[in-house]
Amino acid sequence: MLALPAMAQSSAVGDPQRNTIEVQGQQTTVLVQPWEGRKQHGSVLLLPSLGQTADAPGLITYLRTELPLSGWATFSVSAPQRPTKLNFTTKAEDVSKAGDGKIADTGAKPTQHRSADEWQQLRQQQQRYLAELIEQVSPMMQQYPGGWVLISENQTAALVMEMIANQQLSMPNLLVVINPYSADSQQNRQLADQYGLFAMPVLDIQSPDGSPQSLATVAQRQLKIAALVAKQSRQQQLSLNLSQPTAYAECLNIIKGMSLTTVH
């Protein structure tokens, strides 16, 4: 068991507690919002989109501040970094002539992409970050006994799903994934198959403005989830875009309802 980091006192009622941990040699912040009121259901770990910090504006921050009112202590952390863009180099002989700004296109070479091995190495690096981070946050969450819920979105959700499927991460009492997708097309096609490996309930939330990769698998994910009725899993397709704050309350109510029926 790792030593529990000192809990910082909030500066005002309702403000999050800020805790600093070291992950892969870098300092990162964990925002803790204790549960409020008489209800005490447990804790929720919030993992935002790749490249986003613990306090990035959006749905995750909204859930961090609202779920404690329903008896859930929330823990928000920074996500792994986004993949760096591939660098392209142009040979001197491929430039038509100096100063015209034009590059000769042979038409025979496909656009450069990451190989399957490169995508796998990238995912493994991101997952090592998540594993180390969650290992250090887990002792903090134990201060709020009860069930625990893991909420993640977009590419981070796909990373978490693969980790749970490969038994690299303990299964939460409830997994919530919002617009899950992988930038690796092969991995994205296999995303729905991972639902069959989960022993815990899953809440799959899809919004109309989700990434094209996420929208491409929504029907397949729905079919896989339909086979998990005994595990109380379900998919919820929103009518509103998550770019609109009005959709946040709908997500909150869906998650609250699902957590009450599945987490004991």
Legend entry - Closest contact, heavy atoms only, Gln136 versus Val23: NE2-CG2, 4.1 Å
Legend entry - Backbone N/O of Ala54 and side chain of Ser76: donor-acceptor pair under 3.5 Å: yes
Inset, instruction - Could you check whether the rings of Tyr144 and Trp35 sit parallel, tilted or perpendicular, using 30° and 60° as the cut-offs? - result: perpendicular
Legend entry - Close side-chain approach of Ser233 and Met200, heavy atoms under 4.5 Å: no
Inset, instruction - Answer with yes or no whether the side chains of Glu153 and Ser49 bring together a donor and an acceptor at under 3.5 Å. - result: yes
Inset, instruction - Indicate if Leu215 and Leu191 have the same hydrophobic cluster label, given that clusters are the connected sets of ILVMFWY residues with side-chain heavy-atom separations under 4.5 angstrom. - result: no
Legend entry - Pairwise side-chain contact, Ile205 with Val176, heavy-atom cut-off 4.5 Å (strictly under): yes
Legend entry - Ile225 with Met171, same ILVMFWY side-chain cluster at under 4.5 Å: yes
Inset, instruction - Would you indicate whether the side-chain heavy atoms of Gln194 and Gln187 approach each other to under 4.5 Å? - result: yes
Inset, instruction - Look only at the side chain of Ser43 and the backbone of Ala73, and say whether a donor-acceptor pair between them is shorter than 3.5 Å. - result: no
Inset, instruction - Return the set of residues passing side chain to side chain contact (heavy atoms under 4.5 Å, CB included) with Glu22 (not counting sequence neighbours), or none when no residue passes. - result: Gln27
Legend entry - Value rounded to 0.5 Å, distance of CD in Glu250 from CG in Asn253: 8.0 Å
Legend entry - Spacing of CZ belonging to Phe75 relative to CG belonging to Asn19, to within rounding of 0.5 Å: 8.0 Å
Legend entry - Residue pair Gln235 / Gln237, side-chain donor-acceptor N/O under 3.5 Å: yes
Legend entry - Any donor-acceptor pair under 3.5 Å from Gln236 side chain to Asp204 backbone: no
Inset, instruction - Can you measure from OG1 (Thr61) to CD (Glu66) and round to the nearest 0.5 angstrom? - result: 11.5 Å
Inset, instruction - For the pair Ile151 and Leu47, evaluate side-chain contact (heavy atoms from CB on, under 4.5 Å) and give the outcome as yes or no after the intermediate values. - result: CA-CA 6 Å; Ile151 301 176; Leu47 299 175; over 6 Å; no
Inset, instruction - For the residue pair Ser211 and Asn154, establish whether any side-chain heavy-atom pair is separated by less than 4.5 Å. - result: no
Inset, instruction - Check the pair Gln190, Gln186 against side-chain contact (heavy atoms from CB on, under 4.5 Å), reporting the backbone distance first and the verdict last. - result: CA-CA 7 Å; Gln190 298 172 352; Gln186 180 178 356; 3.9 Å; yes
Inset, instruction - Hey, could you give me the OG1/CG distance between Thr262 and Leu175, rounded to the nearest 0.5 Å? - result: 10.5 Å
Inset, instruction - Spell out, as yes or no, whether a donor-acceptor pair under 3.5 Å connects the side chain of Ser214 to the backbone of Gly210. - result: no
Inset, instruction - Give, for atom OG of Ser152 and atom CG of Leu46, the distance between the pair rounded to the nearest 0.5 Å. - result: 9.5 Å
Legend entry - Set of side chain to side chain contact (heavy atoms under 4.5 Å, CB included) partners for Ser138, sequence neighbours left out: Ile134
Inset, instruction - Decide yes or no for Asn188 and Thr217: does some side-chain heavy atom of the first lie under 4.5 Å from some side-chain heavy atom of the second? - result: yes
Legend entry - Side-chain donor-acceptor contact under 3.5 Å, Gln126 with Arg128: no
Without placing hydrogens or testing angles, list every side-chain donor-acceptor pair under 3.5 Å for residues 160-170, not counting sequence neighbours.
{"unit_1": "Glu162", "atom_1": "OE1", "unit_2": "Arg123", "atom_2": "NE", "d": "3.0"}
{"unit_1": "Glu162", "atom_1": "OE1", "unit_2": "Gln127", "atom_2": "NE2", "d": "2.9"}
{"unit_1": "Asn166", "atom_1": "ND2", "unit_2": "Glu162", "atom_2": "O", "d": "3.3"}

Legend entry - Set of residues satisfying salt bridge (charged side-chain N to carboxylate O under 4.0 Å, His left out) with respect to Asp193, sequence neighbours excluded: Lys224
Legend entry - Any side-chain heavy-atom pair of Thr74 and Val32 under 4.5 Å: no
Legend entry - Within-4.5 Å side-chain heavy-atom neighbours: Thr29 and Thr53: no
Inset, instruction - Measure the spacing between OG1 of Thr65 and CD of Glu36 and express it to the nearest 0.5 Å. - result: 10.0 Å
Legend entry - Hphob cluster co-occupancy, Leu252 + Val263, side-chain heavy atoms under 4.5 angstrom: yes
Legend entry - Side chain proximity check, Leu174 to Pro201, heavy atoms < 4.5 angstrom: yes
Legend entry - Contact list for residues 174-183, test side chain to side chain donor-acceptor pair (under 3.5 Å), sequence neighbours left out: Gln155-Tyr181, Asn179-Gln206, Asn179-Ser207
Inset, instruction - Just do the side-chain contact (heavy atoms from CB on, under 4.5 Å) check on Lys39 and His41 with the steps written out, would you? - result: CA-CA 6 Å; Lys39 298 178 181 179; His41 297 304; 4.0 Å; yes
Legend entry - Common cluster, Val77/Leu130, ILVMFWY with side-chain heavy-atom separation under 4.5 Å: yes
Legend entry - Qualifying residues under ring pair (Phe, Tyr, Trp, His ring centres under 6.0 Å), relative to Tyr248, sequence neighbours excluded: Tyr62
